[in-house]
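Each chain gets a letter, A, B and so on, in the order its sequence line appears, and its residues count up from 1. These figures come from a predicted structure and were not determined experimentally.
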Amino acid sequence: MSYIELKQVSYQYPLASEWALNDVTYSFEKGKLYGIIGANRGGKTTLCNLVRGFIPHFYQGELMGQVLIEGKDIREWENHQLSTEIGYIFQNPFSQISGVKETVFEEIALGLENLGVDKDEMIERTIQVVKWLKLEDLIKKNPNNLSGGQRQRVAFASIIVMNHDILVIDEPTSQLDPSSTAEVFEIIHMLKEQKKTILLVEHKVELIAEYADEVLVFEKGQIASYGSPADILSRKDLMERGISIPSVALLGHEMREKNMAMDSIPITKSQALEQILKGGKNDD
Amino acid sequence: MDYEFAYSFKKPQLTNNWILDMNPLSKLNLLIILFIIPITVQSWKWNVMIIIFYFLVALVAGCFKRFTRLYLRFGLMVGLLLFVLRALFIPGENLLYKLWFINITQEGVDSGLQFSTLVVAICGAIILYSIVTRAKDFMYMIEKLGASRVISYVILSSFQSIIDLGEMSKVILDSQRARGIETEGNIRQRIKAFIPILGPLFLGAISNAEEKAIAMDARAFSMPIKNTHLCHLRSLPVGEKAILIAANIAFIGFVVWRLMA
Ligand SMILES: Nc1ncnc2c1ncn2[C@@H]1O[C@H](COP(=O)(O)OP(=O)(O)OP(=O)(O)O)[C@@H](O)[C@H]1O
Ligand SMILES: [Mg+2]
């Protein structure tokens with residue numbers, strides 16, 4: 001059985017003149033990492049809001065079709081049930097800090113307080129996440145005085161600590177430098193190994209190529225293409241539609257145009273290296 | 001990893017200042033007493049004594065600077081304004097000074113003194129309370145008293161958003177200034193500079209509020225169960241109980257005495 005299922009879903013925000021999602025049908029399986037890419041305003045965040053139930057529980061507007069989580073219609077889920085089932089890390093790190101906690105440590109523990117976790121367990125789980133996300137230096141700081149990147153990591157920790165089975169993550173690295181980005185992806189990878197189901201919106205296709213099981217391309221509120229990273233991210237025509245593909249894939253295409261032997265277009269560095277080394281040996 | 005800090009949450013977080021460490025409800029109790037005394041006494045001398053007492057409390061609590069800054073700004077403005085209004089316009093028999101068509105009378109000055117010190121004293125109680133009580137202790141208390149998480153969150157974050165609004169307006173004013181718009185100078189110029197920022201300021205605040213509401217929902221604020229707390233307060237020490245009982249008895253005695261007199 002599919003875990004999250006969208007059946008001919010269309011959605012229009014209140015007062016909007018266009019459909020933010022237009023006839024989307026897809027099913028997400030348990031334990032997989034879905035990379036969601038697409039140009040701005042393509043409907044990625046709207047999909048996230050829908051899967052988490054903010055549409056229709058929070059956003060009014062017109063919703064057609066069906067969204068099923070574990071077989072149950074999203075309209076029938078209680079909002080608070082969804083908040084224990086599905087974690088959501090938002091695109092904007094500034095709205096995610098509660099503003100009422102004096103230290104980052106307390107900020108991270110806030111969700112556990114709401115879940116009624118007892119104090120000793122709360123402290124242990126918070127410590128664990130702090131270590132995991134390498135936030136040791138921040139725990140005593142006031143969350144209201146953090147930089148964008150720091151807030152993003154704290155926001156990430158604040159949701160991870162709640163230990164959801166499904167995670168919806170909307171551009172978690174938009175404010176991060178390359179090394180923090182790599183760390184966040186390390187963590188997303190570990191979450192995947194823990195058999196979490198992850199919907200990850202991310203513009204950095206190199207990382208999607210590395211970690212995703214499936215890739216969905218959103219365009220004008222529709223799923224323009226979907227498939228394995230190898231199939232999708234090697235397609236040069238995505239470039240014409242405003243979506244970048246990994247630079248090694250571009251390199252692959254250029255090598256092919258120069259008539260160099262290529263079994264397949266590589267999408268990660270290691271695949272590219274493998275191909276190049278193989279090519280090198282053939283020449284001997 | 002600073003384990004000492006992480007595990008410090010297992011114990012009540014004390015500052016070792018007995019006023020700050022007092023239970024928020026005890027402090028509320030004492031300040032309500034101070035709040036009511038000036039209303040019952042109706043004497044500006046008492047009011048001034050209470051105001052001086054607030055400064056002493058702030059000093060002992062180690063918040064003298066913060067309290068003074070906030071209180072002076074408020075006290076000077078509102079106190080002076082009320083005093084002047086009353087002194088100028090309350091009619092009376094004993095003329096002190098004649099200024100064009102305005103008669104300043106002894107009665108007017110007395111009434112101004114009485115009324116302005118009363119208001120300043122009452123507001124002092126509120127300002128002092130907000131300074132010597134940590135927001136999270138207050139939140140903890142009202143949750144323990146049965147308020148829902150959402151309510152205590154809304155109260156606290158409204159305070160926070162007042163601060164945020166202040167900071168945001170500073171940012172916007174700075175950028176106005178950078179664009180060459182006059183923001184200093186007389187009141188009229190300032191108001192003129194301020195009006196155009198009100199729109200973006202409040203619209204911004206409202207759209208932030210919507211996003212924040214959703215983001216907090218993701219942190220399980222809508223759970224229909226009783227939440228737990230990372231920080232807790234100590235149970236009332238015997239000394240504190242004794243002080244409270246003594247203060248309340250003295251207060252009731254005082255009120256009864258005033259009523260009889
Ligand atoms: N809260 C909202 N109210 C009204 N319209 C909205 C709202 N959020 C998004 N939209 C509209 O819905 C459409 C899809 O937007 P969405 O935010 O889902 O795109 P996105 O793919 O996440 O874009 P981005 O890459 O910029 O984050 C856009 O036309 C947008 O203007
Ligand atoms: Mg988006």
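No side-chain donor from either of Thr228(B) and Asp118(A) sits under 3.5 Å from a side-chain acceptor of the other. Inspection of the Asp217(B) and Asn79(A) side chains reveals an N or O donor paired with an N or O acceptor under 3.5 Å. With no hydrogens or angles considered, no side-chain donor-acceptor pair links Ser180(A) and Glu183(A) at under 3.5 Å. Counting only N and O atoms by type, the side chains of Glu107(A) and Ser98(A) include a donor and acceptor under 3.5 Å apart. With no hydrogens or angles considered, a side-chain donor-acceptor pair links Thr173(A) and Lys204(A) at under 3.5 Å.
Between the side chain of Gln96(A) and the main chain of Ala155(A), no donor-acceptor pair closer than 3.5 Å is present. No donor-acceptor pair closer than 3.5 Å links the side chain of Lys10(B) to the backbone N or O of Ile123(A).
When the heavy atoms of residues 46-64 of chain A are compared with those of chain B, the residues falling under 4.5 Å are Arg52(A), Phe54(A), Phe58(A), Tyr59(A), listed by number. Heavy-atom proximity under 4.5 angstrom to chain A picks out Arg149(B), Tyr153(B) from residues 148-155 of chain B. Taking non-hydrogen atoms and a 4.5 Å limit, the residue list of residues 132-145 of chain B in contact with chain A, ordered by number, reads Arg134(B), Lys136(B), Met139(B).
Put simply, the side chain of Thr45(A) does not reach to within 4.5 Å of the side chain of Val201(A), judged on heavy atoms. Phe67(B) is listed as a side-chain neighbour of Leu128(B), based on a closest heavy-atom distance under 4.5 Å. A 4.5 Å side-chain heavy-atom check between His203(A) and Ile37(A) finds every atom pair outside the cut-off.
Residues meeting the ring pair (Phe, Tyr, Trp, His ring centres under 6.0 Å) test with Phe156(A), sequence neighbours left out: none.
Looking at Met1(B), the atoms closer than 4.5 Å to chain A (heavy atoms on both sides) sit in the backbone and in the side chain alike. Contact annotation for Thr126(A): neither backbone nor side-chain heavy atoms come within less than 4.5 Å of a heavy atom of chain B. Using a 4.5 Å cut-off between heavy atoms, Gln81(A) makes no contact with chain B at all. For Lys226(B), the part sitting under 4.5 Å from any heavy atom of chain A is the backbone (N, CA, C, O) and nothing else. Proximity to chain B (any heavy atom under 4.5 Å) is shown, for Ile89(A), by neither the backbone nor the side chain. With a 4.5 Å cut-off on non-hydrogen atoms, Asp137(A) does not touch chain B at all.
Taking the six-membered ring where tryptophan is involved, the planes of Tyr11(A) and Tyr13(A) are perpendicular, since the angle between them exceeds 60° and thus also 30°.
Note that CE of Met162(A) is 12.0 Å distant from CD1 of Ile86(A), once rounded to the nearest 0.5 Å. Taking CD1 of Ile108(A) as the reference point, atom CE of Met122(A) lies at 13.0 Å (rounded to 0.5 Å).
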**OP:** With salt bridge (charged side-chain N to carboxylate O under 4.0 Å, His left out) as the test, would you mind laying out the steps for Lys27(B) and Glu240(B) before giving the verdict?
**Re:** CA-CA 10 Å; Lys27(B) 278 186 264 200; Glu240(B) 200 172 309; over 6 Å; no
